[in-house]
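All values derive from a computational prediction rather than experimental measurement. One is the number of the first residue; the rest follow in order along the sequence.
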Amino acid sequence: MKTYTYKANSYDNLYDLAEALAHDGTFIPRTISDTDLEQLGVVVAEAEEPIEYVRERKIIELKRQRDAAEVEPVEYGGYLYDYDSQARDRIAAAIIALDVQGDGAKISWTTADNEDAVVTAQDLRMIIAAVAVRSNKLHTAYRVAKAQVEAAQNKDEIDTISIN
C-alpha cells in the first residue's frame, strides 16, 4: 500500500494527494508515476497494509473456497453427481417422483461426467447424505482456518492458511 507525504501531510491515497496538490495549483493525472510525484516534492513510500485488512480479505477468500467446494460434484456409488442449485432441485423432484412410484422404482440419471446411472430414491438420498458429510467437513475446516487467520500475526502467516 502506498502512502504519500506532501508538505508534512500524509495521504493514504492518490485522490487525497491530488486534492492537496490542486490547492497549490498543481493538477495531476490519475496515471502519474511515482517519479513524477517525487519531482513535485511528494515522498512516495510503501506502507504495510493493516493486518485487519489482510485478515478480512483472507476470510472472504476462505468462504469463497468453501462455498465453491460445496457445489462441486459428489461421488456416490462409483459415479460423480452434480450438486449445484439446479441439480439439487432435480434430485429433490426425482426423489418425490420415485417415492410416488413405490418401492423399487428407478430412473436413469446423467452423472456429472456425462454417464448414465440407474438410481433409486434411496440412491438420491444417499447422494444428499454424502453432500451433507462433505459440507460438514468443509465448514469445520473453514472454522479452523478462520481461527488461524484471526490468530496470525503477519501477512506471511495468513498467506499460508487454507481450508485444505
Side-chain angles (χ1 to χ4, degrees), residues 1-4 10-18 29-34 44-164:
M1 178 170 125
K2 290 186 181 180
T3 61
Y4 308 94
S10 293
Y11 303 94
D12 293 330
N13 59 67
L14 194 57
Y15 179 82
D16 292 339
L17 171 65
R30 283 186 275 166
T31 57
I32 191 167
S33 71
D34 292 348
V44 180
E46 285 291 329
E48 192 168 312
E49 183 176 23
I51 193 73
E52 296 82 26
Y53 295 173
V54 176
R55 284 187 182 121
E56 287 174 25
R57 194 171 49 251
K58 184 64 171 193
I59 288 169
I60 290 168
E61 175 188 325
L62 292 170
K63 283 181 184 178
R64 285 183 182 147
Q65 288 174 357
R66 178 201 63 202
D67 294 348
E70 280 192 300
V71 296
E72 288 180 358
V74 63
E75 194 277 326
Y76 171 76
Y79 294 99
L80 286 176
Y81 293 88
D82 288 321
Y83 205 71
D84 56 18
S85 61
Q86 189 174 13
R88 287 191 301 274
D89 290 346
R90 289 182 53 235
I91 289 170
I95 289 171
I96 293 168
L98 290 167
D99 281 345
V100 168
Q101 293 176 33
D103 288 342
K106 297 178 180 184
I107 189 172
S108 182
W109 196 266
T110 303
T111 64
D113 46 2
N114 235 10
E115 294 186 36
D116 289 327
V118 176
V119 296
T120 64
Q122 183 59 22
D123 290 325
L124 295 173
R125 287 185 183 95
M126 293 304 294
I127 291 167
I128 294 169
V131 169
V133 169
R134 176 180 69 188
S135 180
N136 185 55
K137 287 179 183 176
L138 286 167
H139 280 263
T140 299
Y142 166 76
R143 285 190 303 273
V144 168
K146 181 180 178 191
Q148 290 172 340
V149 168
E150 290 169 345
Q153 298 301 310
N154 60 57
K155 183 181 182 315
D156 290 339
E157 262 185 84
I158 291 171
D159 287 344
T160 65
I161 298 169
S162 71
I163 61 171
N164 297 347

Can you measure from [atom1] ([X]) to [atom2] ([Y]) and round to the nearest 0.5 angstrom?
X    : Y    : atom1 : atom2 : result
L80  : N114 : CG    : CG    : 12.0 Å
T120 : R125 : OG1   : CZ    : 8.5 Å
Q86  : D84  : CD    : CG    : 6.0 Å
L17  : Y11  : CG    : OH    : 7.0 Å
I127 : E75  : CD1   : CD    : 9.5 Å
Y79  : D116 : OH    : CG    : 8.5 Å

Check: [Y] and [X] side chains under 4.5 Å, non-hydrogen atoms:
X    : Y   : result
E150 : I59 : yes
N13  : Y4  : no
E157 : I51 : no
H139 : E70 : yes
L62  : Q65 : yes
D34  : K2  : yes
S10  : T3  : no

* **N154, CG: over 12 other non-hydrogen atoms inside 6.0 angstrom** => yes

* Is it the case that more than 12 heavy atoms not belonging to E46 sit under 6.0 Å from its CD atom? -> yes

So does [Y] get a backbone contact from the side chain of [X], meaning a donor-acceptor N/O pair under 3.5 Å?
X    : Y    : answer
D99  : I96  : no
R88  : I128 : no
K155 : E49  : no

So which atom in [X] and which in [Y] form the shortest heavy-atom distance, rounded to 0.1 Å?
X    : Y    : value
D156 : T160 : O-CG2, 3.4 Å
R66  : Y142 : NH1-CD2, 3.4 Å
D82  : A112 : OD1-CB, 3.2 Å
A151 : Q153 : O-NE2, 2.9 Å
M1   : P50  : SD-CD, 4.2 Å
Y76  : Y81  : O-CE1, 3.4 Å

* Asked: Can E61 and R64 be said to form a salt bridge (Lys or Arg N to Asp or Glu O under 4.0 Å), step by step?
  -> CA-CA 5 Å; E61 175 188 325; R64 285 183 182 147; over 6 Å; no

